[in-house]
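Input: a single structure, listed below in structure tokens.
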Amino acid sequence: MALIEGKTGAWEMVIGLEVHAQVISKAKLFSGASTAFGAEPNSQVSLVDAAMPGMLPVLNRHSVEQAVRTGLGLNAKINLTSVFERKNYFYADLPQGYQISQYLHPIVGEGTIILDLEDGETREVGIERLHLEQDAGKSIHDQHPSQSYIDLNRSGVTLMEIVSKPDMRSAEEAGAYLRKLRTILRYLGTCDGNMDEGSMRADVNLSMRRPGEPFGTRTETKNVNSIRFVQQAIEAEARRQVEVLEEGGEIVQETRLFDGMTGKSRSMRSKEEAHDYRYFPDPDLLPLELDPAWIEEIKASLPELPDAKKSRFMSGFGLPAYDAGVLVADREIAAFFETVAEGRDPKLAANWVTGEFFGALNKSGIELADTPVDAKKLGGLLDLIADGTISGRIAKEVFEAMWESGEDASAIVEAKGLKQISDSSEIEGLVDDIIANNPKQVEQFKGGNEKVLGWFVGQVMKATQGKANPGLVNQVLRQKLG
Amino acid sequence: MSVDKDTVAKIARLARIRVEDSQSEALAGELSNILGWIEQLSELDTEGVEPMTSVVSMKLPLRDDAVTDGGYPEEVTANAPEAAHGFYAVPKVVE
């Protein structure tokens, strides 16, 4: 729990997040128009999406399945009956004059999500609900001095609104929540989680209170489109609220808009009246009733989810919580790691995947699928370390060469002559020479200066271009200097 | 439940219907009458009765996830008061 120290004492943040996640489906929630991203304006619009009079919505079975799948992935209650309602407001990119959404009876009820925090600790955050709704169209404001252009391609695409309980207490926890939610959605294949393209957007509900006191009045910051911005928006809004409260003012319950460029938020007063949405059940749609057998079928098709995978990596591979958490954050990375670890030392595999491999991946900006060193090749390199052909230090050099050329580790070791010297007579000879030529250091060691041993190891490595087996070098040195 | 002049003005604004001041008194009376008439329903005890959503027993139909519609942007914007470059063109609405 992170407290904010004000002039008059400590304050605690209370944060709840509403996430809008675009559902992966071919067609829209209530029409057969395509959902593909980046098409020509209004080319993926049916007359249902354009709200032509007389058009009737027909629900997409797959959208329903995706919502159920997500609910199951969040350990949430699936409601066998849910109801679509009309949320009424006027905006140019909402041709119906209402959004078909769910209100009193959402498809998914309470669930939980487990956050993996920086220090390897975990924390549970409650899910309040998940409901299905239509996305709105897109307004473009910068193409004409006095007009806005409206593209309805996005109008009617399936959204899941996922509402958390007000269980988070810091910007860090909010970030961890969004990352974990995104990971789960990607594992499930229900949303691509791409915040840049707007397929996952977050609204932040925030209030401040004295620790232990009841909740204060909250504000809602809309449509923050990256995890970093969410964290910035939280920090900025918390400071603003503390300032207001400490000056004896009151927080007004309002909607605010965050500007990533300035790091500041401002009130959207014009939206106040729009909050009177006058929900009522959509007369075009009967209540949605789910067959329990179908839910069981969906449940049986779920993949292994990140939390289960993490505990398997910890118990099966003996990995620490932090490493396991990092590896399961991305399903492809987890699969990559498992291929590398298969039949090898899992700890060594984890170190190499999260260390050298991630380092090279980040530096090059290459996607996992296109990496020059695939899981099999990296495994081959680890085999050479395991059987003593090369040392861990040389392995790093080999890895760099593999990344450059895409060749196998053994081919590079062979071509560059990097095989480790594990012949004790050869090392003994070198050690004898070094001892003979450096009487001063020998004296120091005999006088009890253990650190000099490292210097001797360095000399042997220098003489062999790092190829001497370090374990053997230490052993021979101790024996000869003994 | 009765509706007053201010409520009439608010409902009208939310529904984007222009109501002149001179009309709102009469409308308040009409709306109050309608609400009073509907409110008679609440005299019935419906405790434990499932809401009826259809007079015939039927389920909400579902469709398969297939692209079967769209691809006619000209038709979509054909009735628009104004269109440009395939978009609807509307008075600027910037927050």
Side-chain angles (χ1 to χ4, degrees), chain A residues 25-28 31-36 39-50 52 58-65 83-84 88-93 95 97 137 139-141 143-153 257 268 270-271 273-274 276 278 281 285-289, chain B residues 1 3 6-19 31 34-35 38 41 46 48-95:
Chain A
S25 65
K26 294 189 195 84
K28 295 181 180 179
S31 86
S34 168
T35 60
E40 288 297 306
N42 293 310
S43 64
Q44 297 178 166
V45 178
S46 84
L47 298 181
V48 177
D49 310 317
M52 291 296 168
V58 185
L59 185 56
N60 183 336
R61 179 183 291 108
H62 187 63
S63 296
V64 175
E65 180 178 336
V83 177
F84 286 100
N88 299 280
Y89 66 93
F90 282 97
Y91 205 71
D93 55 25
S139 304
I140 300 162
H141 302 298
Q143 299 294 309
H144 191 280
S146 63
Q147 289 186 323
S148 292
Y149 288 162
I150 310 291
D151 175 10
L152 296 182
N153 281 348
L257 195 65
M268 293 171 78
S270 56
K271 283 260 175 180
E273 200 170 62
D276 196 344
R278 293 150 294 142
L285 293 157
L286 288 166
L288 171 61
E289 285 172 49
Chain B
M1 191 184 159
V3 173
D6 289 345
T7 311
V8 169
K10 190 183 169 207
I11 297 168
R13 198 165 54 243
L14 286 171
R16 301 296 191 276
I17 296 171
R18 182 192 306 203
V19 172
L31 288 173
I34 293 168
L35 286 173
I38 301 282
L41 290 172
T46 55
V49 180
E50 284 290 307
M52 187 180 76
T53 48
S54 172
V55 286
V56 288
S57 166
M58 64 180 288
K59 287 214 159 195
L60 177 66
L62 300 175
R63 38 166 257 280
D64 288 334
D65 183 31
V67 177
T68 55
D69 206 349
Y72 40 75
E74 323 72 38
E75 285 179 49
V76 167
T77 53
N79 292 331
E82 214 182 326
H85 317 291
F87 296 99
Y88 289 93
V90 304
K92 201 152 211 149
V93 274
V94 178
E95 182 56 50

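Side-chain atoms are counted along with the backbone in the values below, which use heavy atoms only and exclude waters and symmetry mates. Note on naming: letters A, B, ... go to the chains in the order of the sequence lines (proteins, then strands), and numbering restarts at 1 for each one.
- Among residues two or more places apart in sequence or in another chain, the salt bridge (Lys or Arg N to Asp or Glu O under 4.0 Å) test is passed with Arg61(A) by Asp64(B).
- Considering every non-hydrogen atom in both Ala89(B) and Gln147(A), the closest pair reads CB-OE1, 3.5 Å.
- Tyr88(B) pairs by the ring-ring contact (aromatic ring centres under 6.0 Å, His included) definition with nothing, not counting sequence neighbours.
- A donor-acceptor distance shorter than 3.5 angstrom exists from the side chain of Lys92(B) to the backbone of His144(A), with no hydrogens or angles considered.
- Put simply, the side chain of Glu74(B) does not reach to within 4.5 Å of the side chain of Asn42(A), judged on heavy atoms.
- Atom CD1 of residue Ile150(A) and atom OG1 of residue Thr77(B) lie 12.5 Å apart, to the nearest 0.5 angstrom.
- In this structure, the portion of Ser146(A) lying under 4.5 Å from any heavy atom of chain B is its backbone and not its side chain.
- Taking the six-membered ring for Trp and thresholds of 30 and 60 degrees, Phe87(B) and Tyr149(A) have nearly parallel ring planes, at less than 30 degrees apart.
- Residue with the most contacts toward chain B among Gln143(A), Glu65(A), Glu40(A), His62(A): His62(A) (heavy-atom pairs, distance under 4.5 Å).
- The shortest heavy-atom contact between Arg63(B) and Val58(A) is NH1-O, 2.7 Å.
- Residue Leu60(B) holds its CG atom at 6.0 Å from CG of Leu288(A), rounded to the nearest 0.5 Å.
- A pairwise comparison of heavy atoms in Ala27(A) and Ala66(B) identifies CB-O, 3.5 Å as the closest pair.
- Interface remark: of the candidates Ala39(A), Pro281(A), Ser31(A), Ala36(A), Ser31(A) forms the most heavy-atom pairs closer than 4.5 Å to chain B.
- Looking at Pro145(A), only its backbone comes within 4.5 Å of chain B, counting heavy atoms on both sides.
- Ser34(A) contributes no side-chain N or O that, together with a main-chain N or O of Val67(B), makes up a donor-acceptor pair within less than 3.5 Å.
- Interface check for chain B: of the options Thr35(A), Asn60(A), Val64(A), the most heavy-atom pairs under 4.5 Å are formed by Asn60(A).
- Closest of all the heavy-atom pairs between Val76(B) and Met52(A) is O-CE, 3.8 Å.
- Among Gly137(A), Ser139(A), Pro287(A), the residue making the largest number of heavy-atom pairs under 4.5 Å with chain B is Pro287(A).
- Between Lys10(B) and Asp276(A), some side-chain heavy-atom pair lies under the 4.5 Å cut-off.
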